[in-house]
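Heavy atoms only: backbone and side chains are in, while hydrogens, waters and symmetry mates are out.
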Amino acid sequence: MDYKSVEFYDNYLIIKKLSNFKLKHIFECGQIFRFEEIAENNFIVIAFGRLIEVKEDGNDVIIYNSTKEDFQNIWLKYFDLDRDYSVIKDELSKDVLLKQSIEFGYGVRVLNQDPFEMLLSFIISARNNIPSIKKTVNKISNKWGKEIIYKNKTYYAFPNIDEIKDATLEEIQETGASFRSKYIFDTIKNVYNSKTAKEDLKANDTNEYIKYDLDYIKNLDDDDCHNALQEFKGVGSKVADCIMLFSMEKTSAFPVDVWVKRAMIHFYGAEDASLNKIRIFGRNKFGKLAGFAQQYLFYYARENKINV
DNA sequence: GCGCAGGTTTCCC
DNA sequence: GGGAAACCTGCG
């Protein structure tokens, strides 16, 4: 694990002596949309129906607005704190080309987020830029999510399936999802139907909607999981990789977006290769650690504006 | 005003 | 399978 101990106080806590942890790296490596930088090394994060303020203090990290229970049930896992990233870095640094990216993004960690939130968020990410993605995800939260008040400011959690199940196509259009609106609408329907189907399921009944059950998908092997996710409209290879890496603990996923493609060309000379070929190359090269390698490469490429 | 952005779908070969 | 165009909208 990458911390020494945790001290709990009244509605806040201090994680002592963290290693391989830097908030800026974690939040800016492309895996999360619901964060806000309120000061240097100080962020607001909304996830799993909760809001926390996270602040770096030397080698310690303070989490405000969290109980002991929430830390143990949510944030410990969310920040992947029980994983030893030194082991991962040592292994991946054997690749001298990747080493540079790892040193640059030394505090990157792969967050464990909510599958439904990732599913909708990354459908929205297709052919879109980050400010627009954040705007649409926030509008969805504002319209259907639970209200959270922190320091006299009002925020909204990302809605769960029961909160958003009755959203109309028109309402989704209004969030700025544009041509992706119908995908989101369709996806919400399928997730909701899988939920009711699961509840109604008789012993040996098969149901056409069960394949949209996110718990079921999460428990599949990596390749099956990747395929299953692409049954949702608006989810292709890249978006499926993001969902399974950021919310289903599939660390062999290797999402190839424009930045990772640039990084692979830059470092490995993967000239004019198709996205799928780069994906296969990355997965073969980095194996179970491909997802971590992807995060270091993405952060390096984007921060250094490679090839632009 | 025009091109393009953290891809997917659809159509075509 | 693999490649190219269309897709909505906001922003530089």
Side-chain angles (χ1 to χ4, degrees), chain A residues 24-35 101 105 108 110-111 113 117-140 142-143 167-190 212 223 226-247 253-267 270-283 290-308:
Chain A
K24 181 181 158 55
H25 298 175
I26 293 170
F27 294 138
E28 290 178 5
C29 59
Q31 58 181 330
I32 170 174
F33 302 109
R34 306 226 67 209
F35 70 97
S101 297
V108 163
V110 176
L111 297 172
Q113 305 184 70
E117 179 176 341
M118 292 300 100
L119 177 58
L120 296 196
S121 297
F122 280 96
I123 288 175
I124 293 162
S125 78
R127 192 94 183 105
N128 208 346
N129 55 50
I130 296 177
S132 294
I133 301 167
K134 283 177 113 174
K135 202 175 283 181
T136 297
V137 174
N138 282 337
K139 281 188 179 174
I140 288 175
N142 294 353
K143 186 155 181 68
T168 65
L169 184 56
E170 290 68 30
E171 287 173 326
I172 293 166
Q173 289 273 19
E174 288 164 10
T175 66
S178 74
F179 69 88
R180 311 163 196 89
S181 299
K182 56 183 181 294
Y183 304 148
I184 294 169
F185 181 75
D186 187 69
T187 293
I188 290 171
K189 287 280 160 280
N190 284 333
Y212 297 116
D223 286 329
H226 189 246
N227 290 328
L229 283 167
Q230 292 178 67
E231 291 289 313
F232 290 104
K233 288 274 183 243
V235 179
S237 180
K238 187 269 176 183
V239 168
D241 271 330
C242 286
I243 298 164
M244 59 195 270
L245 178 60
F246 303 143
S247 69
F254 194 76
V256 182
D257 55 42
V258 52
W259 291 106
V260 171
K261 182 180 179 181
R262 286 170 188 161
M264 294 299 276
I265 292 170
H266 177 79
F267 287 118
E271 201 69 55
D272 73 349
S274 70
L275 295 181
N276 191 48
K277 279 184 181 152
I278 297 177
R279 175 175 187 270
I280 302 295
F281 176 79
R283 295 192 74 207
F292 300 101
Q294 191 272 358
Q295 291 294 88
Y296 292 117
L297 287 169
F298 177 92
Y299 185 71
Y300 182 90
R302 181 149 177 268
E303 291 292 310
N304 293 295
K305 297 182 170 29
I306 276 190
N307 204 19
V308 220

With sugar-phosphate meaning primed atoms plus P, OP1 and OP2, does [X] contact a base, only sugar-phosphate, or nothing at under 4.0 Å between heavy atoms?
X: A:Phe122; result: nothing
X: A:Gly30; result: base
X: A:Val260; result: nothing
X: A:Ser181; result: nothing
X: A:Lys277; result: nothing

*Decide, yes or no, whether a salt bridge links A:Asp223 with A:Arg283 under the criterion of side-chain N to carboxylate O below 4.0 Å.*
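A salt bridge is present here (some side-chain N lies under 4.0 Å from a carboxylate O).
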
Check whether [X] reaches the backbone of [Y] with its side chain - one donor and one acceptor, N or O, closer than 3.5 Å.
X: A:Asn304; Y: A:Ile306; value: no
X: A:Arg180; Y: A:Ala126; value: yes
X: A:Gln31; Y: A:Ile26; value: yes
X: A:Thr136; Y: A:Thr175; value: yes
X: A:Gln230; Y: A:His226; value: yes

How long is the line joining [atom1] of [X] and [atom2] of [N], in whole Å?
X: A:Lys238; N: B:dT9; atom1: NZ; atom2: P; result: 13 Å
X: A:Asn128; N: C:dG12; atom1: CG; atom2: C1'; result: 15 Å
X: A:Asn129; N: B:dG7; atom1: CG; atom2: P; result: 11 Å
X: A:Gln230; N: C:dG1; atom1: CD; atom2: C1'; result: 14 Å
X: A:Leu229; N: B:dT8; atom1: CG; atom2: P; result: 12 Å
X: A:Arg279; N: B:dG7; atom1: CZ; atom2: P; result: 15 Å
X: A:Leu119; N: B:dT8; atom1: CG; atom2: P; result: 12 Å
X: A:Phe179; N: C:dT9; atom1: CZ; atom2: C1'; result: 9 Å

Of the candidate nucleotides [options], which contains the atom at the shortest distance from the side chain of [X]?
X: A:Val239; options: B:dT8, C:dC11, C:dC8; value: B:dT8
X: A:Val258; options: B:dG7, C:dG10, C:dG3; value: B:dG7
X: A:Lys135; options: C:dC11, C:dC8, B:dA5; value: C:dC11
X: A:Arg180; options: C:dC11, B:dA5, C:dC8; value: C:dC8

*Reckon A:Arg127 has a side-chain N or O less than 4.0 Å from the OP1 or OP2 of B:dA5?*
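Checking B:dA5 against A:Arg127, a side-chain N or O does come within under 4.0 Å of OP1 or OP2.
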
_Please give the distance between the P atoms of B:dT10 and C:dC8 as a whole number of Å._
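About 12 Å, rounded to a whole number of Å.
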
*asked:* Ring-plane angle category for A:Phe35 and A:Phe27, please: parallel below 30°, perpendicular beyond 60°, tilted otherwise.
replied: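 If you compare the ring of A:Phe35 with that of A:Phe27, the planes turn out parallel.
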
_A:Ser121 and A:Phe246: CA distance, side-chain angles, deciding distance, side-chain contact (heavy atoms from CB on, under 4.5 Å) verdict_ = CA-CA 11 Å; A:Ser121 297; A:Phe246 303 143; over 6 Å; no

*What base-paired stems does DNA chain C take part in, with at least 3 consecutive Watson-Crick or G-U wobble pairs and both distances under 3.5 Å?*
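As far as DNA chain C goes, consecutive pairing (with distances under 3.5 Å) yields the stems B:2-5 with C:9-12, B:7-13 with C:1-7.
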
